Amino acid sequence: MTIKRQYSLPNCTLVLEGLTSDDGSAGQATARPLMSVLVNSECRFVGHEKALSGGRDFLESLVVAVSRYAQEFLSGVRHPEPRGSQALVQLREAENRLHRLTFRPQTNGQNHHVQGEPIQIDLTTVQLFDLVEAVDQFFADTQTLPDLALRLAPVSKKHIAAQEPIAKRVLPAAVGVSSLAIAAIALFFIPIPERRPEPVPQRESEQSTGSSSTTAPSSPPGVEGPGNNQVNAVQSTTDQADVDQADTEPSGAEPSEVATDREDLEVLLGSAPPITDGEEIRQLNRQLRDRINEAWDATPTFDEDLVYRVGVAADGEIVGYKYDNDAALEYVQETPLPDLRYLPNEQIPNTEPIGQFRVVFTPGGVVEVSPWDGYP
Amino acid sequence: MQVHSPPAESTPLILDSLPDPPMVDGTCPRRARLQIDLILLAIEALDLGGSEALLTVAKELGLQGIVKNRVSLWRLRSTNPLRRYGQRRSLDLVEAKALVLIACHLARRLTVLVRQLSLAYQQLTEKQLSLEHHFRLSDYLERFRAHFRARMNPRRAGVIAYSTDEKLNELALSLLEQLLFCTGTAGVQRFWSSLFDGEVA
(Lines give C-alpha, C1' and ligand atoms only; values in the text may rest on other atoms or scores of the structure.)
Protein backbone atom coordinates (compact mmCIF):
# COMPACT_ATOMS: atom_id res chain seq x y z
CA MET A 1 0.00 0.00 0.00
CA THR A 2 1.54 3.24 -1.00
CA ILE A 3 1.32 6.13 1.26
CA LYS A 4 1.56 9.71 0.30
CA ARG A 5 2.58 12.30 2.80
CA GLN A 6 2.53 15.95 2.01
CA TYR A 7 3.86 18.88 3.91
CA SER A 8 2.51 22.08 2.42
CA LEU A 9 3.73 25.51 3.12
CA PRO A 10 2.77 28.69 1.32
CA ASN A 11 5.91 28.66 -0.76
CA CYS A 12 7.04 25.09 -0.73
CA THR A 13 5.50 21.65 -0.85
CA LEU A 14 7.25 18.46 0.11
CA VAL A 15 5.62 15.26 -1.07
CA LEU A 16 6.73 11.82 0.01
CA GLU A 17 5.47 8.55 -1.46
CA GLY A 18 6.33 5.36 0.18
CA LEU A 19 5.35 2.00 1.45
CA THR A 20 4.46 0.84 4.81
CA SER A 21 5.72 -2.34 6.27
CA ASP A 22 2.74 -2.41 8.52
CA ASP A 23 0.55 -5.13 7.13
CA GLY A 24 -2.30 -4.39 9.44
CA SER A 25 -2.10 -7.81 11.03
CA ALA A 26 -2.28 -6.26 14.42
CA GLY A 27 -5.88 -5.58 13.64
CA GLN A 28 -5.83 -1.96 14.45
CA ALA A 29 -6.96 0.38 11.78
CA THR A 30 -4.21 2.83 12.00
CA ALA A 31 -5.34 6.06 10.56
CA ARG A 32 -1.86 6.97 9.86
CA PRO A 33 0.33 4.04 9.03
CA LEU A 34 4.02 4.15 9.47
CA MET A 35 5.86 4.76 6.26
CA SER A 36 9.11 2.94 6.50
CA VAL A 37 10.21 2.79 2.90
CA LEU A 38 10.47 5.70 0.60
CA VAL A 39 9.76 5.30 -3.06
CA ASN A 40 9.80 8.82 -4.30
CA SER A 41 10.00 12.30 -2.95
CA GLU A 42 9.36 15.59 -4.56
CA CYS A 43 10.03 19.14 -3.56
CA ARG A 44 8.21 21.90 -5.33
CA PHE A 45 8.47 25.62 -4.99
CA VAL A 46 5.86 28.17 -5.80
CA GLY A 47 7.00 30.21 -8.71
CA HIS A 48 9.37 27.59 -10.12
CA GLU A 49 7.94 25.09 -12.50
CA LYS A 50 10.76 22.61 -12.14
CA ALA A 51 10.44 20.40 -9.14
CA LEU A 52 13.20 18.47 -7.48
CA SER A 53 12.57 14.81 -7.17
CA GLY A 54 14.41 11.70 -6.35
CA GLY A 55 14.62 8.75 -4.07
CA ARG A 56 15.92 8.21 -0.62
CA ASP A 57 19.36 9.56 -1.42
CA PHE A 58 17.86 12.73 -2.68
CA LEU A 59 15.71 13.16 0.37
CA GLU A 60 18.52 12.49 2.75
CA SER A 61 20.82 14.88 0.96
CA LEU A 62 18.09 17.50 0.86
CA VAL A 63 17.21 17.39 4.50
CA VAL A 64 20.82 17.36 5.67
CA ALA A 65 21.76 20.29 3.46
CA VAL A 66 18.69 22.29 4.44
CA SER A 67 19.18 21.73 8.13
CA ARG A 68 22.83 22.62 7.97
CA TYR A 69 22.19 25.74 5.97
CA ALA A 70 19.45 26.88 8.33
CA GLN A 71 21.82 26.68 11.28
CA GLU A 72 24.44 28.55 9.32
CA PHE A 73 21.91 31.23 8.56
CA LEU A 74 20.89 31.61 12.18
CA SER A 75 24.32 31.79 13.71
CA GLY A 76 26.46 33.10 10.88
CA VAL A 77 29.00 30.39 11.60
CA ARG A 78 29.91 28.11 8.78
CA HIS A 79 29.02 24.50 9.28
CA PRO A 80 31.31 21.93 7.75
CA GLU A 81 29.85 19.87 4.95
CA PRO A 82 29.32 16.25 5.85
CA ARG A 83 32.05 14.06 4.55
CA GLY A 84 31.28 11.61 1.87
CA SER A 85 28.25 13.52 0.78
CA GLN A 86 27.21 12.91 -2.69
CA ALA A 87 26.43 16.58 -2.94
CA LEU A 88 23.12 15.87 -4.60
CA VAL A 89 21.67 18.93 -3.03
CA GLN A 90 23.64 21.96 -2.09
CA LEU A 91 22.60 25.21 -0.57
CA ARG A 92 24.77 28.25 -0.80
CA GLU A 93 24.47 31.91 -0.25
CA ALA A 94 23.85 33.97 -3.34
CA GLU A 95 23.91 37.68 -3.97
CA ASN A 96 21.07 39.94 -2.99
CA ARG A 97 20.38 37.97 0.15
CA LEU A 98 19.19 35.04 -1.90
CA HIS A 99 19.93 31.42 -1.32
CA ARG A 100 20.98 29.17 -4.16
CA LEU A 101 19.77 25.63 -4.11
CA THR A 102 21.66 23.40 -6.53
CA PHE A 103 20.37 19.97 -7.40
CA ARG A 104 22.52 17.55 -9.33
CA PRO A 105 20.38 14.56 -10.06
CA GLN A 106 22.36 11.34 -10.28
CA THR A 107 20.47 8.35 -11.24
CA ASN A 108 21.86 4.94 -10.56
CA GLY A 109 23.25 2.82 -13.34
CA GLN A 110 20.25 0.48 -13.37
CA ASN A 111 18.07 2.93 -15.15
CA HIS A 112 20.82 3.78 -17.55
CA HIS A 113 20.03 7.42 -17.23
CA VAL A 114 22.62 10.01 -17.84
CA GLN A 115 23.37 12.38 -15.08
CA GLY A 116 20.77 15.07 -15.27
CA GLU A 117 21.56 18.66 -15.67
CA PRO A 118 21.97 20.51 -12.44
CA ILE A 119 18.99 22.54 -11.44
CA GLN A 120 19.56 25.81 -9.72
CA ILE A 121 16.88 27.61 -7.80
CA ASP A 122 17.32 30.93 -6.09
CA LEU A 123 15.22 31.16 -3.01
CA THR A 124 14.22 34.18 -1.03
CA THR A 125 14.50 34.02 2.70
CA VAL A 126 10.81 33.39 3.15
CA GLN A 127 10.89 30.56 0.65
CA LEU A 128 13.90 29.15 2.39
CA PHE A 129 12.05 29.32 5.67
CA ASP A 130 9.14 27.45 4.18
CA LEU A 131 11.48 24.77 2.96
CA VAL A 132 13.08 24.51 6.39
CA GLU A 133 9.64 24.33 7.95
CA ALA A 134 8.56 21.56 5.63
CA VAL A 135 11.66 19.57 6.46
CA ASP A 136 11.16 20.18 10.17
CA GLN A 137 7.58 19.02 9.95
CA PHE A 138 8.75 15.88 8.19
CA PHE A 139 11.31 15.32 10.93
CA ALA A 140 8.68 15.80 13.56
CA ASP A 141 6.43 13.26 11.90
CA THR A 142 7.25 10.07 13.70
CA GLN A 143 5.06 8.07 11.39
CA THR A 144 7.13 8.87 8.37
CA LEU A 145 10.59 7.46 8.05
CA PRO A 146 11.30 7.73 11.75
CA ASP A 147 14.96 7.05 11.21
CA LEU A 148 15.32 10.47 9.65
CA ALA A 149 14.87 12.83 12.54
CA LEU A 150 16.09 16.24 13.55
CA ARG A 151 19.64 16.14 14.70
CA LEU A 152 21.11 19.42 15.75
CA ALA A 153 24.52 19.90 17.19
CA PRO A 154 26.42 23.13 17.60
CA VAL A 155 29.53 23.44 15.56
CA SER A 156 32.68 22.90 17.52
CA LYS A 157 35.32 25.57 17.89
CA LYS A 158 37.73 23.57 15.82
CA HIS A 159 35.68 23.99 12.72
CA ILE A 160 35.29 27.70 12.64
CA ALA A 161 37.84 29.51 10.58
CA ALA A 162 39.28 32.70 11.96
CA GLN A 163 36.85 35.49 11.35
CA GLU A 164 39.54 37.94 10.42
CA PRO A 165 42.46 37.29 8.12
CA ILE A 166 45.65 36.30 9.84
CA ALA A 167 47.50 39.36 8.60
CA LYS A 168 45.10 41.67 10.37
CA ARG A 169 45.24 39.66 13.57
CA VAL A 170 49.00 39.56 13.70
CA LEU A 171 49.32 43.27 13.01
CA PRO A 172 48.81 44.62 16.55
CA ALA A 173 51.24 42.10 18.01
CA ALA A 174 53.80 42.93 15.35
CA VAL A 175 53.41 46.64 15.96
CA GLY A 176 53.88 46.13 19.67
CA VAL A 177 57.00 44.03 19.37
CA SER A 178 58.59 46.32 16.80
CA SER A 179 57.91 49.45 18.83
CA LEU A 180 59.48 47.78 21.85
CA ALA A 181 62.54 46.94 19.80
CA ILE A 182 62.82 50.49 18.46
CA ALA A 183 62.46 51.97 21.93
CA ALA A 184 65.13 49.62 23.28
CA ILE A 185 67.55 50.61 20.54
CA ALA A 186 66.86 54.30 21.04
CA LEU A 187 67.38 54.10 24.79
CA PHE A 188 70.56 52.12 24.27
CA PHE A 189 72.20 55.17 22.82
CA ILE A 190 71.52 57.40 25.78
CA PRO A 191 74.77 57.44 27.81
CA ILE A 192 74.85 56.29 31.34
CA PRO A 193 75.02 59.37 33.56
CA GLU A 194 78.45 59.98 34.97
CA ARG A 195 78.82 60.23 38.65
CA ARG A 196 80.45 63.36 39.96
CA PRO A 197 83.22 62.68 42.45
CA GLU A 198 82.34 63.90 45.90
CA PRO A 199 83.29 67.42 46.98
CA VAL A 200 85.54 66.39 49.97
CA PRO A 201 88.35 64.90 47.98
CA GLN A 202 88.22 67.95 45.79
CA ARG A 203 88.73 70.20 48.75
CA GLU A 204 91.75 68.16 49.75
CA SER A 205 93.20 68.60 46.36
CA GLU A 206 92.23 72.22 46.46
CA GLN A 207 94.10 72.69 49.71
CA SER A 208 97.26 71.19 48.31
CA THR A 209 96.95 73.26 45.19
CA GLY A 210 96.27 76.25 47.40
CA SER A 211 99.46 75.73 49.35
CA SER A 212 101.49 75.35 46.24
CA SER A 213 100.01 78.50 44.85
CA THR A 214 101.79 80.66 47.42
CA THR A 215 105.07 79.89 45.78
CA ALA A 216 103.69 81.20 42.54
CA PRO A 217 101.51 84.11 43.52
CA SER A 218 100.88 85.01 39.94
CA SER A 219 99.21 81.68 39.31
CA PRO A 220 95.56 82.21 38.58
CA PRO A 221 93.15 81.57 41.35
CA GLY A 222 91.41 79.14 39.15
CA VAL A 223 94.06 76.55 39.90
CA GLU A 224 92.19 75.76 43.04
CA GLY A 225 89.65 72.96 42.89
CA PRO A 226 87.04 73.50 40.25
CA GLY A 227 84.20 72.10 42.23
CA ASN A 228 84.76 74.04 45.35
CA ASN A 229 82.52 76.95 44.82
CA GLN A 230 82.61 77.99 48.41
CA VAL A 231 85.95 79.63 47.93
CA ASN A 232 85.90 82.99 46.37
CA ALA A 233 88.35 82.99 43.51
CA VAL A 234 89.71 86.32 44.67
CA GLN A 235 90.50 84.99 48.12
CA SER A 236 93.31 82.93 46.94
CA THR A 237 95.70 83.34 49.82
CA THR A 238 96.62 80.19 51.48
CA ASP A 239 95.65 81.54 54.83
CA GLN A 240 92.35 82.62 53.49
CA ALA A 241 91.80 79.14 52.18
CA ASP A 242 92.86 77.72 55.50
CA VAL A 243 90.52 79.90 57.44
CA ASP A 244 87.71 79.13 55.07
CA GLN A 245 88.42 75.55 55.72
CA ALA A 246 88.37 76.25 59.41
CA ASP A 247 85.09 78.11 59.13
CA THR A 248 83.27 75.74 56.90
CA GLU A 249 84.63 72.46 57.97
CA PRO A 250 83.74 71.03 61.34
CA SER A 251 86.31 71.18 64.08
CA GLY A 252 87.14 67.59 63.40
CA ALA A 253 89.06 68.74 60.38
CA GLU A 254 91.72 70.31 62.52
CA PRO A 255 94.52 67.91 61.68
CA SER A 256 94.48 68.86 58.07
CA GLU A 257 94.27 72.44 59.09
CA VAL A 258 97.21 71.99 61.37
CA ALA A 259 99.30 70.46 58.67
CA THR A 260 98.56 73.22 56.23
CA ASP A 261 99.12 75.88 58.85
CA ARG A 262 102.50 74.48 59.58
CA GLU A 263 103.31 74.24 55.95
CA ASP A 264 102.04 77.71 55.23
CA LEU A 265 103.86 79.28 58.10
CA GLU A 266 107.01 77.50 57.16
CA VAL A 267 106.69 78.80 53.72
CA LEU A 268 105.78 82.25 54.92
CA LEU A 269 108.44 82.46 57.51
CA GLY A 270 110.94 80.97 55.22
CA SER A 271 110.24 83.35 52.42
CA ALA A 272 109.54 86.55 54.28
CA PRO A 273 112.45 88.67 55.42
CA PRO A 274 112.69 88.75 59.20
CA ILE A 275 112.43 91.91 61.20
CA THR A 276 115.76 92.44 62.70
CA ASP A 277 115.46 95.83 64.20
CA GLY A 278 115.78 95.38 67.97
CA GLU A 279 113.60 98.32 68.90
CA GLU A 280 110.91 97.13 66.56
CA ILE A 281 111.14 93.65 67.91
CA ARG A 282 110.77 94.83 71.46
CA GLN A 283 107.82 96.95 70.49
CA LEU A 284 106.16 94.14 68.66
CA ASN A 285 106.86 91.88 71.61
CA ARG A 286 105.08 94.22 73.95
CA GLN A 287 102.20 94.62 71.55
CA LEU A 288 101.85 90.94 71.10
CA ARG A 289 101.92 90.24 74.80
CA ASP A 290 99.36 92.90 75.55
CA ARG A 291 97.14 91.77 72.86
CA ILE A 292 97.22 88.15 73.86
CA ASN A 293 96.75 88.97 77.53
CA GLU A 294 93.77 91.05 76.67
CA ALA A 295 92.23 88.41 74.51
CA TRP A 296 92.93 85.43 76.71
CA ASP A 297 90.34 85.16 79.46
CA ALA A 298 89.63 81.49 79.55
CA THR A 299 90.64 79.37 82.45
CA PRO A 300 93.32 77.04 81.22
CA THR A 301 92.50 73.37 81.49
CA PHE A 302 95.86 72.17 80.32
CA ASP A 303 98.61 71.25 82.68
CA GLU A 304 101.66 71.95 80.60
CA ASP A 305 102.93 74.88 78.64
CA LEU A 306 101.65 75.56 75.19
CA VAL A 307 104.40 76.89 72.99
CA TYR A 308 103.72 78.62 69.75
CA ARG A 309 105.84 80.24 67.15
CA VAL A 310 103.93 83.29 66.07
CA GLY A 311 104.61 85.42 63.06
CA VAL A 312 103.80 89.07 63.45
CA ALA A 313 103.77 91.66 60.73
CA ALA A 314 105.24 95.12 61.11
CA ASP A 315 101.90 96.63 62.04
CA GLY A 316 101.51 94.22 64.93
CA GLU A 317 98.98 91.86 63.38
CA ILE A 318 99.45 88.17 63.88
CA VAL A 319 99.71 86.70 60.45
CA GLY A 320 100.24 83.13 61.49
CA TYR A 321 101.24 80.81 64.25
CA LYS A 322 102.77 77.42 64.51
CA TYR A 323 102.48 74.79 67.16
CA ASP A 324 105.68 73.95 68.80
CA ASN A 325 104.64 71.11 71.02
CA ASP A 326 101.87 68.60 71.05
CA ALA A 327 100.02 70.20 73.89
CA ALA A 328 99.91 73.39 71.88
CA LEU A 329 98.19 71.50 69.13
CA GLU A 330 95.70 69.99 71.48
CA TYR A 331 94.60 73.08 73.29
CA VAL A 332 94.84 75.65 70.56
CA GLN A 333 91.16 76.42 70.85
CA GLU A 334 91.65 77.70 74.35
CA THR A 335 94.14 80.26 73.20
CA PRO A 336 93.07 83.46 71.55
CA LEU A 337 95.46 82.89 68.68
CA PRO A 338 92.95 81.63 66.17
CA ASP A 339 90.75 84.62 66.77
CA LEU A 340 93.53 87.14 66.68
CA ARG A 341 94.98 86.01 63.47
CA TYR A 342 94.81 88.74 60.89
CA LEU A 343 93.20 87.82 57.62
CA PRO A 344 94.20 90.11 54.79
CA ASN A 345 91.94 90.17 51.79
CA GLU A 346 94.70 89.97 49.27
CA GLN A 347 97.65 87.77 49.18
CA ILE A 348 100.36 88.82 51.61
CA PRO A 349 103.31 89.95 49.59
CA ASN A 350 106.18 87.83 50.64
CA THR A 351 108.41 90.85 50.83
CA GLU A 352 106.72 92.16 53.95
CA PRO A 353 108.94 91.63 56.94
CA ILE A 354 107.65 89.29 59.61
CA GLY A 355 108.72 89.13 63.21
CA GLN A 356 108.79 85.77 64.88
CA PHE A 357 108.03 85.37 68.52
CA ARG A 358 107.81 82.56 70.97
CA VAL A 359 104.53 82.62 72.82
CA VAL A 360 104.04 80.38 75.82
CA PHE A 361 100.75 79.88 77.55
CA THR A 362 101.33 78.54 81.04
CA PRO A 363 98.83 76.56 83.07
CA GLY A 364 98.95 79.26 85.61
CA GLY A 365 97.31 81.64 83.21
CA VAL A 366 100.39 83.65 82.36
CA VAL A 367 101.51 84.45 78.83
CA GLU A 368 105.17 84.75 78.08
CA VAL A 369 106.24 86.35 74.85
CA SER A 370 109.77 86.60 73.64
CA PRO A 371 111.45 86.95 70.29
CA TRP A 372 112.10 83.62 68.59
CA ASP A 373 115.65 84.30 67.94
CA GLY A 374 116.21 85.97 71.19
CA TYR A 375 116.65 89.61 72.02
CA PRO A 376 119.09 91.27 69.78
CA MET B 1 6.84 12.89 58.82
CA GLN B 2 7.48 16.50 59.43
CA VAL B 3 8.52 18.69 56.65
CA HIS B 4 10.34 21.77 57.81
CA SER B 5 11.09 23.42 54.53
CA PRO B 6 8.95 24.01 51.49
CA PRO B 7 9.54 21.56 48.70
CA ALA B 8 12.41 22.59 46.51
CA GLU B 9 11.32 24.08 43.22
CA SER B 10 11.99 21.72 40.43
CA THR B 11 13.09 23.13 37.18
CA PRO B 12 10.16 23.39 34.84
CA LEU B 13 9.82 20.45 32.54
CA ILE B 14 9.69 22.61 29.50
CA LEU B 15 13.35 23.42 29.89
CA ASP B 16 14.21 19.82 29.16
CA SER B 17 13.07 20.23 25.61
CA LEU B 18 16.33 22.05 25.03
CA PRO B 19 19.47 19.97 25.36
CA ASP B 20 22.44 21.14 27.34
CA PRO B 21 25.35 21.87 25.04
CA PRO B 22 28.69 20.58 26.23
CA MET B 23 29.95 23.89 27.53
CA VAL B 24 33.07 23.88 29.63
CA ASP B 25 31.66 25.87 32.54
CA GLY B 26 27.86 25.71 32.49
CA THR B 27 27.43 29.32 31.40
CA CYS B 28 26.51 30.99 28.21
CA PRO B 29 29.13 32.28 25.83
CA ARG B 30 29.33 35.97 25.09
CA ARG B 31 27.81 35.76 21.66
CA ALA B 32 24.83 33.86 22.99
CA ARG B 33 24.06 36.53 25.60
CA LEU B 34 24.26 39.19 22.94
CA GLN B 35 22.07 37.27 20.53
CA ILE B 36 19.33 36.57 23.06
CA ASP B 37 19.13 40.19 24.09
CA LEU B 38 18.97 41.35 20.49
CA ILE B 39 16.19 38.92 19.64
CA LEU B 40 14.20 40.15 22.61
CA LEU B 41 14.88 43.68 21.49
CA ALA B 42 13.53 42.88 18.04
CA ILE B 43 10.38 41.42 19.57
CA GLU B 44 9.86 44.53 21.63
CA ALA B 45 10.31 46.67 18.54
CA LEU B 46 7.77 44.62 16.62
CA ASP B 47 5.00 44.82 19.09
CA LEU B 48 4.22 47.68 21.39
CA GLY B 49 3.11 45.40 24.16
CA GLY B 50 6.30 43.43 23.90
CA SER B 51 7.86 44.21 27.25
CA GLU B 52 4.78 43.36 29.24
CA ALA B 53 4.14 40.33 27.10
CA LEU B 54 7.53 38.93 28.02
CA LEU B 55 6.58 38.70 31.65
CA THR B 56 3.12 37.33 30.88
CA VAL B 57 4.55 34.59 28.71
CA ALA B 58 7.06 33.74 31.42
CA LYS B 59 4.19 33.12 33.75
CA GLU B 60 2.25 31.12 31.16
CA LEU B 61 5.16 28.83 30.54
CA GLY B 62 5.74 28.34 34.24
CA LEU B 63 9.07 30.08 34.16
CA GLN B 64 8.37 32.71 36.78
CA GLY B 65 10.78 30.97 39.08
CA ILE B 66 13.56 32.08 36.81
CA VAL B 67 12.16 35.31 35.45
CA LYS B 68 10.49 36.61 38.57
CA ASN B 69 9.72 40.17 37.67
CA ARG B 70 10.69 43.05 35.48
CA VAL B 71 13.88 43.70 37.38
CA SER B 72 15.15 40.15 37.20
CA LEU B 73 14.30 40.08 33.50
CA TRP B 74 16.30 43.24 33.05
CA ARG B 75 19.22 41.78 34.98
CA LEU B 76 19.21 38.66 32.86
CA ARG B 77 19.10 40.63 29.66
CA SER B 78 21.80 42.99 30.89
CA THR B 79 24.35 40.20 30.85
CA ASN B 80 24.62 41.26 27.22
CA PRO B 81 28.11 42.75 27.16
CA LEU B 82 27.08 45.65 24.94
CA ARG B 83 24.53 47.02 27.34
CA ARG B 84 24.97 50.37 28.97
CA TYR B 85 24.65 49.10 32.52
CA GLY B 86 25.99 45.68 31.75
CA GLN B 87 25.86 43.26 34.61
CA ARG B 88 29.12 41.54 35.14
CA ARG B 89 27.48 38.26 35.89
CA SER B 90 27.26 35.27 33.66
CA LEU B 91 24.12 33.79 32.28
CA ASP B 92 23.25 30.27 33.40
CA LEU B 93 22.20 27.70 30.87
CA VAL B 94 18.89 27.43 32.70
CA GLU B 95 18.31 31.17 32.54
CA ALA B 96 19.27 31.24 28.88
CA LYS B 97 16.87 28.43 28.08
CA ALA B 98 14.09 30.29 29.81
CA LEU B 99 14.74 33.45 27.79
CA VAL B 100 14.94 31.50 24.55
CA LEU B 101 11.67 29.74 25.24
CA ILE B 102 9.96 33.03 26.05
CA ALA B 103 11.35 34.64 22.91
CA CYS B 104 10.29 31.85 20.59
CA HIS B 105 6.86 31.61 22.15
CA LEU B 106 6.30 35.29 21.54
CA ALA B 107 7.74 35.03 18.06
CA ARG B 108 5.25 32.31 17.24
CA ARG B 109 2.46 34.57 18.40
CA LEU B 110 3.73 37.22 16.01
CA THR B 111 4.18 34.79 13.12
CA VAL B 112 1.80 36.58 10.82
CA LEU B 113 3.36 39.95 11.41
CA VAL B 114 6.90 38.64 11.04
CA ARG B 115 6.04 36.92 7.83
CA GLN B 116 4.31 39.97 6.48
CA LEU B 117 7.27 42.20 7.20
CA SER B 118 9.74 39.73 5.74
CA LEU B 119 7.74 39.53 2.53
CA ALA B 120 7.49 43.30 2.41
CA TYR B 121 11.24 43.61 2.82
CA GLN B 122 11.79 41.10 0.06
CA GLN B 123 9.52 42.89 -2.34
CA LEU B 124 11.02 46.26 -1.60
CA THR B 125 14.53 45.02 -2.26
CA GLU B 126 13.43 43.35 -5.47
CA LYS B 127 11.91 46.53 -6.71
CA GLN B 128 14.80 48.48 -5.23
CA LEU B 129 12.59 50.84 -3.33
CA SER B 130 13.61 52.38 -0.07
CA LEU B 131 12.32 50.85 3.09
CA GLU B 132 10.26 53.90 3.94
CA HIS B 133 7.56 52.78 1.58
CA HIS B 134 6.22 50.20 3.93
CA PHE B 135 4.84 51.89 6.95
CA ARG B 136 4.88 48.97 9.34
CA LEU B 137 8.37 47.96 8.36
CA SER B 138 9.83 51.41 8.77
CA ASP B 139 7.99 51.68 12.06
CA TYR B 140 9.68 48.51 13.26
CA LEU B 141 13.06 49.75 12.10
CA GLU B 142 12.63 53.09 13.81
CA ARG B 143 11.62 51.52 17.10
CA PHE B 144 14.48 49.07 16.91
CA ARG B 145 16.95 51.86 16.33
CA ALA B 146 15.58 53.85 19.24
CA HIS B 147 15.66 50.90 21.62
CA PHE B 148 19.16 49.91 20.56
CA ARG B 149 20.59 53.38 20.98
CA ALA B 150 18.90 53.87 24.30
CA ARG B 151 20.10 50.66 25.82
CA MET B 152 23.50 49.91 24.38
CA ASN B 153 26.75 51.41 25.58
CA PRO B 154 27.96 53.71 22.80
CA ARG B 155 31.60 53.32 23.79
CA ARG B 156 31.76 49.62 23.05
CA ALA B 157 33.38 48.60 19.81
CA GLY B 158 30.50 46.27 19.12
CA VAL B 159 28.09 49.19 19.33
CA ILE B 160 30.25 51.60 17.37
CA ALA B 161 30.03 49.12 14.50
CA TYR B 162 26.33 50.02 14.37
CA SER B 163 26.69 53.74 14.56
CA THR B 164 24.78 54.58 11.37
CA ASP B 165 21.11 54.17 10.64
CA GLU B 166 21.80 51.90 7.68
CA LYS B 167 23.82 49.49 9.76
CA LEU B 168 21.17 49.38 12.45
CA ASN B 169 18.53 48.77 9.82
CA GLU B 170 20.55 45.88 8.47
CA LEU B 171 20.84 44.45 11.94
CA ALA B 172 17.13 44.85 12.53
CA LEU B 173 16.28 43.12 9.28
CA SER B 174 18.59 40.20 9.88
CA LEU B 175 17.06 39.80 13.34
CA LEU B 176 13.65 39.85 11.72
CA GLU B 177 14.64 36.98 9.48
CA GLN B 178 16.01 35.06 12.41
CA LEU B 179 12.71 35.62 14.19
CA LEU B 180 11.02 34.11 11.17
CA PHE B 181 13.01 30.96 11.68
CA CYS B 182 12.20 30.99 15.36
CA THR B 183 8.52 30.67 14.53
CA GLY B 184 8.99 27.27 12.91
CA THR B 185 8.18 23.86 14.26
CA ALA B 186 11.69 23.27 15.41
CA GLY B 187 12.44 26.95 15.73
CA VAL B 188 13.32 26.84 19.41
CA GLN B 189 15.75 23.98 19.02
CA ARG B 190 17.33 25.51 15.98
CA PHE B 191 17.76 28.88 17.63
CA TRP B 192 19.11 27.32 20.79
CA SER B 193 21.63 25.24 18.89
CA SER B 194 22.73 28.18 16.78
CA LEU B 195 23.62 30.13 19.91
CA PHE B 196 26.47 27.77 20.63
CA ASP B 197 27.90 27.44 17.16
CA GLY B 198 31.62 27.73 17.35
CA GLU B 199 31.62 27.97 21.14
CA VAL B 200 31.64 24.37 22.22
CA ALA B 201 34.79 22.40 22.52
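Keep in mind that this is a model prediction, so the values were computed, not measured. In what follows, chains are A, B, ... by sequence order, proteins preceding strands, each numbered from 1.
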Exercise. B:Gln178 versus chain A, heavy atoms under 4.5 Å apart: side chain, backbone, both or neither?
Worked result: both
Problem set entry | Proximity of residues 129-138 of chain A to chain B, residues having a non-hydrogen atom under 4.5 angstrom | A:Phe129, A:Asp130, A:Val132, A:Glu133, A:Asp136, A:Gln137
For this session: Could you point out which residue of B:Asp92, B:Asp16, B:Asp20 forms a side chain to side chain donor-acceptor pair (under 3.5 Å) with B:Lys97?
Result: B:Asp20
Exercise. Between B:Glu126, B:Gln35, B:Arg115, B:Gln189, which has the largest tally of heavy atom pairs under 4.5 Å with chain A?
Worked result: B:Arg115
Exercise. Would you say B:Arg70 has more than 12 foreign heavy atoms packed within less than 6.0 Å of its CZ?
Worked result: no
Problem set entry | More than 12 heavy atoms from other groups under 6.0 Å of CD on B:Glu60 | yes
Problem set entry | Over 12 non-hydrogen atoms of neighbours within 6.0 angstrom of CZ in B:Arg75 | no
Problem set entry | Check: A:Gln6/A:Ser8 side-chain N/O donor and acceptor closer than 3.5 Å | yes
Problem set entry | chain A contact via B:Thr125 - which portion, at a heavy-atom distance below 4.5 Å | neither
For this session: State whether the number of non-hydrogen atoms from other residues, nucleotides or ligands found under 6.0 Å of A:Tyr69 atom OH is greater than 12.
Result: yes
For this session: Select one option (side chain, backbone, both, neither) describing which atoms of A:Leu150 are under 4.5 Å from chain B's heavy atoms.
Result: side chain
Problem set entry | B:Arg151 CZ: over 12 foreign heavy atoms closer than 6.0 Å | yes
For this session: State whether the number of non-hydrogen atoms from other residues, nucleotides or ligands found under 6.0 Å of A:Asn96 atom CG is greater than 12.
Result: no
